[in-house]
Amino acid sequence: MTGPLVTADELLARPEEVAPGLLGCWLVSDRPEGTTAVRLTEVEAYSGTGDDPAAHSHRGPTPRAAVMFGPPGRLYVYFSYGMHWCANVVTGPEGVGSAVLLRAGEVVVGEELARERRPSSSVRDLARGPARLTAALGIGPDDRGADLLDPASPVRLHHGDPPSGVTAGPRVGITHAADLPWRFAETGHPTVSAFRAGVRRRRPGAGQDGAP
DNA sequence: GATATGATCACCT
DNA sequence: GGTGATCATATCG
């Protein structure tokens with residue numbers, strides 16, 4: 001079913017180089033109530049090398065971001081907007097503070113269980129979006145710092161079918177360094193939220209733009 | 001000690 | 001396509 005575990009060596013490059021390689025990998029979640037897994041279809045890179053003001057690690061190893069400075073392959077989980085949990089894979093050598101945010105995936109194992117966790121969600125939306133992905137897999141604060149490369153860990157990262165194509169674009173929802181094309185997605189996959197080709201603001205005097 | 005803000009989602013029009 | 005929900009974290013006084 002699943003491919004071999006991802007190894008630390010594969011995560012040592014810069015996050016924007018590692019990120020596209022995570023597309024198609026499986027994030028597996030073994031729980032008492034059953035196993036769920038998603039095949040990753042959308043990720044974003046956050047660099048701890050000091051050139052990325054949008055990274056949580058940008059202001060140093062604060063208590064929240066401490067896991068980002070740990071060894072590669074750890075799970076960095078953070079709480080967002082007062083209600084959501086989002087998950088990242090730590091990349092790069094220990095001490096750097098880089099990570100890749102897992103933005104979306106398709107549920108490939110345990111669809112029934114994922115639907116129980118997200119009752120009013122269509123199949124396509126089960127793990128579409130970073131907070132939905134963690135909800136579908138049952139990932140939460142207890143998984144902070146989990147070793148995704150350890151075969152004994154309940155949450156693991158395995159190789160899977162590589163994407164048919166990769167599309168890069170700007171990251172979503174951030175206010176700093178929004179121009180860096182560090183968001184990567186499997187081209188045309190239905191679980192990938194639409195690239196906002198035209199988040200262009202209305203300019204005075206600008207007319208309607210064309211069809212999508 | 002207080003407050004502004006956010007790597008979002010769901011539901012409204 | 002706009003906005004309310006809701007709180008940990010960071011930063012300021």
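Counting non-hydrogen atoms under 4.0 angstrom, Ala131(A) reaches the backbone sugars and phosphates but no base.
Distance His58(A) NE2 to dA7(B) P: 13 Å, rounded to the nearest Å. For the pair Leu126(A) CG and dC9(B) P, the interatomic distance rounds to 13 Å; values are reported in whole Å. At whole-Å resolution of the value, CG in Leu75(A) and C1' in dA7(B) are 14 Å apart. Straight-line distance from the CG atom of Leu102(A) to the P atom of dT8(B): 13 Å, rounded to whole Å. Put simply, CG on Leu101(A) is 13 Å from C1' on dG6(B), counting in whole angstrom units.
Among all heavy-atom pairs drawn from Pro72(A) and Glu94(A), the shortest one is CD-N, 4.3 Å. Of all heavy-atom pairs between Met68(A) and Ala99(A), the closest is CE-CB, 3.7 Å.
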query: Reading nucleotides 4-13 of chain C from the 5' end, what letters show protein touch, with B for base, S for backbone sugar-phosphate only, - for no heavy atom under 4.0 Å?
result: -BBBSSSS--

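For the pair Val107(A) and Val38(A), the minimum side-chain heavy-atom distance is below 4.5 Å. For the pair Thr2(A)/Val28(A), a side-chain contact is recorded, criterion being any heavy-atom separation below 4.5 Å from C-beta on.
Using a 30° and 60° split on the angle between ring planes, His56(A) and Tyr76(A) fall in the perpendicular class, above 60°.
With respect to Arg156(A) and Asp30(A), a salt bridge is recorded, a charged nitrogen being found less than 4.0 Å from a carboxylate O.
In this structure, Leu148(A) CG and Leu27(A) CG are separated by 6.5 Å, a value rounded to the nearest 0.5 Å.
Centre separation under 5.5 Å together with a plane angle under 30° does not hold for the ring of Tyr78(A) and the six-membered base ring of dA7(B), so they are not marked as stacked.
A distance-only check finds a donor-acceptor pair linking the side chain of Arg132(A) to the backbone of Arg128(A) [under 3.5 Å]. A side-chain donor-acceptor contact under 3.5 Å links Arg144(A) to the backbone of Pro141(A).
DNA chain B contains the following stems of three or more consecutive Watson-Crick or G-U pairs, with both distances under 3.5 Å: B:1-6 with C:7-12, B:8-12 with C:1-5.
Look at Arg132(A) and you'll find a side-chain N or O under 4.0 angstrom from OP1 or OP2 of dA10(B). A sub-4.0 Å separation between OP1 or OP2 of dC9(B) and a side-chain N or O of Arg118(A) is absent. Regarding contacts with the backbone of dC9(B), every side-chain N or O of Arg128(A) stays at 4.0 angstrom or more from both OP1 and OP2.
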